[in-house]
Undergrad: 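One structure, as structure tokens, below. Some questions next.
First the proteins, then the strands, lettered A, B, ... as listed; each starts at 1. This one's a predicted model, so the numbers in the text were calculated from it and none came from an experiment.
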There are 2 protein chains.
Amino acid sequence: MSATVITRILAMGRWEPDARGRMIRVAVELFAERGFEQTTAGDIAERAGVTERTFFRHFADKREVLFDGSNTMARTAHDAILGAPDELSPLDAALAGMVAGGSLLADRRDHAARRSQIIAANPSLRERELLKLAAMVDATAEALRARGIAEPTASLAAHSAVTVFQIACGRWVRADEPADLAAHIAQTAAVLRALA
Amino acid sequence: MSATVITRILAMGRWEPDARGRMIRVAVELFAERGFEQTTAGDIAERAGVTERTFFRHFADKREVLFDGSNTMARTAHDAILGAPDELSPLDAALAGMVAGGSLLADRRDHAARRSQIIAANPSLRERELLKLAAMVDATAEALRARGIAEPTASLAAHSAVTVFQIACGRWVRADEPADLAAHIAQTAAVLRALA
DNA sequence: TCGAGCATGTCAGTTACTGACATCGACCAT
DNA sequence: ATGGTCGATGTCAGTAACTGACATGCTCGA
């Protein structure tokens, strides 16, 4: 139906062919403008020039649109851990995974900060973020087990590394003078080691 | 209206006066019988002899009915940390909080196991559990800060302690021969210390 | 040119919640 | 006792997040 085509043309200044990408971009816009709860799935779909049904075919639920890259990041971490030097301790191997995963965000600090603000403003988004972090813990633990690390060491190291990642990310996006995410990870990891 | 009274009398063998407690008990029953998604809020309300609206006045959402005690546990941990001996390290103080919080579960291992099975079977319940654990991390970190511990040490120790708690709980409910939860916590904490 | 396959549109339905208002019993002051 | 407030509940109507079933149109290889 050409009506939707017209909607599309009116909606964006320049045409962006990938519907999925459009929905993600538009969702971030709307969430930032009026908040997550105040934005309906229909709103996002409309501004992206698709149907609400199409939105839900691409994203399992409304929150998911904010977490599109998270699987990739977990897989990246996983693979990096598998490829890390044998002599690394479990914690160091896991941290290497975090650095690798984090490198995917390297050139998108402003986007990450934006997203992080939206998520912080809504408990149900925070909930989803925790689930994604838990998936990252699982992927990390599995990679460690593949390196021959037994439980509960694998889980503990995975949890520790992801915690470091999480805290480092928070400091990274909030930092006044931008430093590398990897630097924040190293720094936070050092504090962790001093705990025991 | 006496119809609901009749429903109530038919629903339970013996009369249990506390509506909230009834809803919780009934919800666990139904979730175990037919699963979380297959149970509507109306089902729970009906079997508990109340209205769906009443259910939602007691619980912010359907999942919340499974997490009633979690605030109490976080507060207990918080208070225990504040009251712990000054000479304890941040991690040890946080772990003392976990033991205190865990003591609330001491005599309900079977209930905890039941609940844990239900939660494990449903991603959205797992999500809510993660949120509750995050609240426990927050409470723990706050208590540590009140003891004069600075960031990010406070957060790191809090995360570490709650991770230990989480893993220890899992092993506790799954253990063949029942040991103390506190024992599991101590044991898991020892593994954590060996990481660094 | 046909047909398979895939992304999308359309439409109707279920269920999780929410707001507004009425009711009812307990308890308290007069 | 009488009236009044308060807290918990019932009733009802509404919104929005999803879901299933089916139709349509576009692309691409045989």
Undergrad: Quick one: list whatever passes salt bridge (Lys or Arg N to Asp or Glu O under 4.0 Å) with Arg115(A), sequence neighbours left out.
TA: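 Arg115(A) satisfies salt bridge (Lys or Arg N to Asp or Glu O under 4.0 Å) with no other residue.
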Undergrad: Calculate the interatomic distance between Arg63(B) atom CZ and dC17(C) atom C1'; express it in whole Å.
TA: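 Computing the Arg63(B):CZ to dC17(C):C1' distance gives 12 Å.
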Undergrad: So which atom in Met23(A) and which in Phe59(A) form the shortest heavy-atom distance, rounded to 0.1 Å?
TA: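 Smallest heavy-atom distance, with atoms named: CB-CE1, 4.0 Å.
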Undergrad: Considering residues at least two apart in sequence or located in another chain, which fulfil the ring-ring contact (aromatic ring centres under 6.0 Å, His included) criterion with Phe56(A)?
TA: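 Scan of Phe56(A) (ring-ring contact (aromatic ring centres under 6.0 Å, His included), adjacent residues dropped) gives none.
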Undergrad: Applying a 4.0 Å non-hydrogen cut-off, can you work out what Thr39(A) is touching in the nucleic acid: base, sugar-phosphate, or nothing?
TA: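 Sugar-phosphate: the residue Thr39(A), judged by heavy atoms under 4.0 Å, touches backbone atoms but no base.
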Undergrad: Among dG9(C), dC18(D), dA16(C), which nucleotide has an atom closest to any side-chain atom of Thr40(B)?
TA: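 Of dG9(C), dC18(D), dA16(C), dA16(C) is nearest to the side chain of Thr40(B).
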Undergrad: Measure the distance from CZ on Phe59(B) to P on dC17(C) and round it to the nearest whole Å.
TA: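 Atom-to-atom, Phe59(B) to dC17(C), this comes out as 13 Å.
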Undergrad: Under the side chain to side chain donor-acceptor pair (under 3.5 Å) rule, collect the residues that match up with Ser103(B), sequence neighbours excluded.
TA: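 For Ser103(B) there are no side chain to side chain donor-acceptor pair (under 3.5 Å) partners, ignoring immediate neighbours.
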Undergrad: Kindly write out the residues that satisfy side-chain contact (heavy atoms from CB on, under 4.5 Å) with Phe36(B), not counting sequence neighbours, or none if the list is empty.
TA: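 side-chain contact (heavy atoms from CB on, under 4.5 Å) list for Phe36(B), sorted by chain: Phe31(B), Lys62(B), Arg63(B), Asn122(B), Ser124(B), Leu125(B).
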Undergrad: All N/O contacts under 3.5 Å from nucleotides 12-14 of chain D to the protein, with atom names and distances to one decimal?
TA:
none

Undergrad: Can you measure Gln38(B) atom CD to dT14(C) atom P for me and round it to whole angstrom units?
TA: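 For the pair Gln38(B) CD and dT14(C) P, the rounded distance is 16 Å.
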Undergrad: Which pairs count as side-chain hydrogen bond (donor to acceptor under 3.5 Å, both in side chains) when at least one residue sits in residues 151-175 of chain A, sequence neighbours excluded?
TA: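 Found Arg145(A)-Glu151(A), Glu151(A)-Ser155(A).
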Undergrad: What about Arg57(B), does its side chain sit under 3.5 Å from the base of dG10(D) through a donor-acceptor pair?
TA: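 Yes, a donor-acceptor pair under 3.5 Å.
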Undergrad: Report the distance from atom CD of Glu37(B) to atom C1' of dT19(D), rounded to the nearest whole Å.
TA: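 The distance from CD of Glu37(B) to C1' of dT19(D) comes to 12 Å, rounded to the nearest Å.
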Undergrad: Is His58(B) close enough to dA8(D) that one of its side-chain N or O atoms is under 4.0 Å from OP1 or OP2 there?
TA: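 For dA8(D), OP1/OP2 do not have a side-chain N/O of His58(B) under 4.0 Å.
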Undergrad: Round to a whole Å and report the spacing from CD of Glu52(A) to P of dT10(C).
TA: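 About 12 Å, once rounded to whole Å.
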Undergrad: Rounded to whole angstrom units, what separation is found between the CZ atom of Phe55(B) and the P atom of dT18(C)?
TA: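 Those two atoms, CZ and P, are 12 Å apart.
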Undergrad: What nucleotide among dG9(C), dG10(D), dC17(C) has an atom nearest to a side-chain atom of Val50(A)?
TA: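 So the nucleotide nearest the side chain must be dG9(C).
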Undergrad: Working to the nearest 0.5 Å, report the span between CG of Leu130(A) and CG of Leu131(B).
TA: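 The distance works out to 6.0 Å.
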Undergrad: Round to the nearest Å and state the distance from Asp43(A) atom CG to dA17(D) atom P.
TA: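 Atom-to-atom, Asp43(A) to dA17(D), this comes out as 8 Å.
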Undergrad: From CG of Leu125(B) over to P of dA16(C), roughly how many Å is that when rounded to an integer?
TA: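 The distance from CG of Leu125(B) to P of dA16(C) comes to 12 Å, rounded to the nearest Å.
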Undergrad: Can you check whether Thr51(B) has a side-chain N or O nearer than 4.0 Å to OP1 or OP2 of dG10(D)?
TA: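 For Thr51(B), the contact criterion (side-chain N or O under 4.0 Å from OP1 or OP2 of dG10(D)) is met.
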